[in-house]
Amino acid sequence: MTSRLSAITLNTFREAVRDRVLYNLVLFVLLLVASAPLFSQISIGIERLILVNVGLSAMSLFGVVIAIFIGIGLVSKEIEKRTLYTILSRPVRRWEFIVGKYLGLLLTLIVNAALMTLGFYLALFLTARQYTRADAGILVAIYFIVLQFLMVTAITLLFSSFSTPIFSAIFAFALFAIGTFGEDLHNFAATASGATKWLAMGAAYAIPNFASLNVIGQAAHDQGVGGSLIVFNTIYALLYSAAVTAGAVLVFERRNLK
Amino acid sequence: MKHRSKVSGVAALLVVVLLGGSILALRRVESLRGPSATLEEVLFVPSGKTLKKMSLGYSSLLANIYWTRAVQYFGARLVQNSNRYDLLYPLLDITTDLDPHLIEAYQTGSIFLAQRSPAGAAQPEKAVALLEKGITANPDYWRLYFTLGFIHYLDRKDYKAAQEAFARGAEVPGALPWMRVMAARMAERSDDIATAFSLWKAVYDNNHDKMVRDSATKHMASLRADADIQELQRRVQTYRDKTGSLPASWRDLVRAGILPGIPVDPSGAVYVLMPNGAVWVEDTKPMPFVGESFQGDVH
């Protein structure tokens, strides 16, 4: 089972690399190299702040865009090329195919984020000419971005397991946007009453909460993130992603592929 | 086929269990972050003008989100009986930068700002700044002048500024003729309960927000109780002048023909007659501002 899973995972990763996904890194580096000196010309003392904000926001956005645009094709492309039938005719279970695809895309995103992190820290050094203790705190924000990828990838895979690529992309982007304002929905539910309260509360817990995983602002302002928050955010992202992936498996298991 | 239905069953069970687990984890995350977490983060961008540029043309939608946040922030602080509302003005300022025509944010937001703590932020100067900003962007909306006059009069005790605000508002086409009456009363420096009551009544009639209306209701009940207390104390004095002693109960006044019946406050409870002849209410909860009119204050 493990060998079958790892084979699908590595193949998905190789395919993504062959699709020149990692070319986005060039754009990322260009953005970083250009932003800090450019903004230092028009403002004072916020080069580092801008670098952190631009760098981490770009890392998050590139990752989400890659997760969605590759994720939507993971299942449909295999059906279109009829390679899915070849895979499933071998001793590969449907759930192994879905979980393998998920892990493969996640691996792509983690490698991408790791390379971006290297570029980011290099740009940080070039801007400040030294590293400080606060720079290590940025790693927490990057870790939270990776947790976001975990969730976005699972969501995209769920949609792609039953919908067309274009609709999967629309649904996934919409859910990402809604999840970004997830905490507003929680606050609304807390102050509402009656049926509205329960409806809002149900929606707030059903949608992914990306707001609690966004600590870019704190990282830019050198504000630390508590250890318990790291632990519980990790647990939340893992459980939510696993639940959504299980949902994708459930849909794909019942899908008629004939 | 049998294997697939077994996998489906396990997957369905996992969806339920894992989603339940994620809800528990999210609740823990929420309690760790606290209720103001979103607000503290969004105020990392404290400029509405910058946000407007970043909103790519969706500034009106963003204004609605910020206005909702301001209301929720105020409501949460009110429930906690907090006397600190540090983020209220920045949130309202951002909201109105994003959408300068969002009248509700000026009207209701300024009342949130002006009222004394714990009913409000006790920042009347900021309320005035917000309303002046609103009037500059919406000069044809007479109700903004009314709220400005109201705050100058009740919260700042600035009769001249209040008179100017009511008079400016009265000039706006469509303004109620009543605005001119208020301008005249400000010119006379009418510092009486009836003026304060009619202003709160107008606030109640002109606002749809529940929190503002609740506050207006409490203010009106307090003012009615103040007027009653003043009148009852006058009658107690009449009894004393007549009999040479203080009444032991309201029945003494009724028997003496000074009162038509046992007096009740706006909540329906009988007024308390104290042994020294002073009059008070049984419970101040429905009228928390009772007595303020006697402290050289029109509240």
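Note on naming: letters A, B, ... go to the chains in the order of the sequence lines (proteins, then strands), and numbering restarts at 1 for each one.
In this structure, CZ on A/F232 lies 8.0 Å from OG on B/S31, to the nearest 0.5 angstrom. Here the CD atom belonging to B/E30 is positioned 6.5 Å from the CG atom belonging to A/N209, to the nearest 0.5 angstrom. Remark: B/S8 OG to A/R94 CZ distance equals 9.0 Å, nearest 0.5 Å.
Interface check for chain A: of the options B/I23, B/L13, B/L26, the most heavy-atom pairs under 4.5 Å are formed by B/L26. Note: B/L19 leads B/L19, B/V16, B/V10 in heavy-atom pairs under 4.5 Å with chain A. Comparing A/L229, A/I235, A/V244, A/V249 by how many heavy-atom pairs each has under 4.5 Å with chain B, the most go to A/L229.
Of the two parts of A/N233, the backbone and the side chain both hold a non-hydrogen atom closer than 4.5 Å to a non-hydrogen atom of chain B.
Put simply, the side chain of B/L18 does not reach to within 4.5 Å of the side chain of A/Y240, judged on heavy atoms.
When all heavy atoms of B/V29 and A/S212 are compared, the closest pair comes out as CG1-CB, 3.6 Å. Nearest heavy atoms, B/S22 versus A/Y236: O-CD1, 3.2 Å. Minimum interatomic distance between A/A246 and B/L14 (heavy atoms only, all atoms of both residues): CB-CB, 3.9 Å. The two residues B/V15 and A/G247 come nearest to each other via the heavy atoms CG2-N, 3.4 Å.
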Run the numbers on A/Y205 and B/R27 for side-chain contact (heavy atoms from CB on, under 4.5 Å), then give the verdict. CA-CA 9 Å; A/Y205 283 116; B/R27 288 181 76 94; 3.2 Å; yes
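Counting non-hydrogen atoms of other residues, nucleotides and ligands closer than 6.0 Å to CZ of B/R213 gives a total above 12. Counting heavy-atom neighbours within 6.0 Å of B/E282 CD, excluding the residue itself, gives a total of 12 or less.
Qualifying side chain to side chain donor-acceptor pair (under 3.5 Å) partners for A/K197, counting only residues two or more places apart in sequence or in other chains: none.
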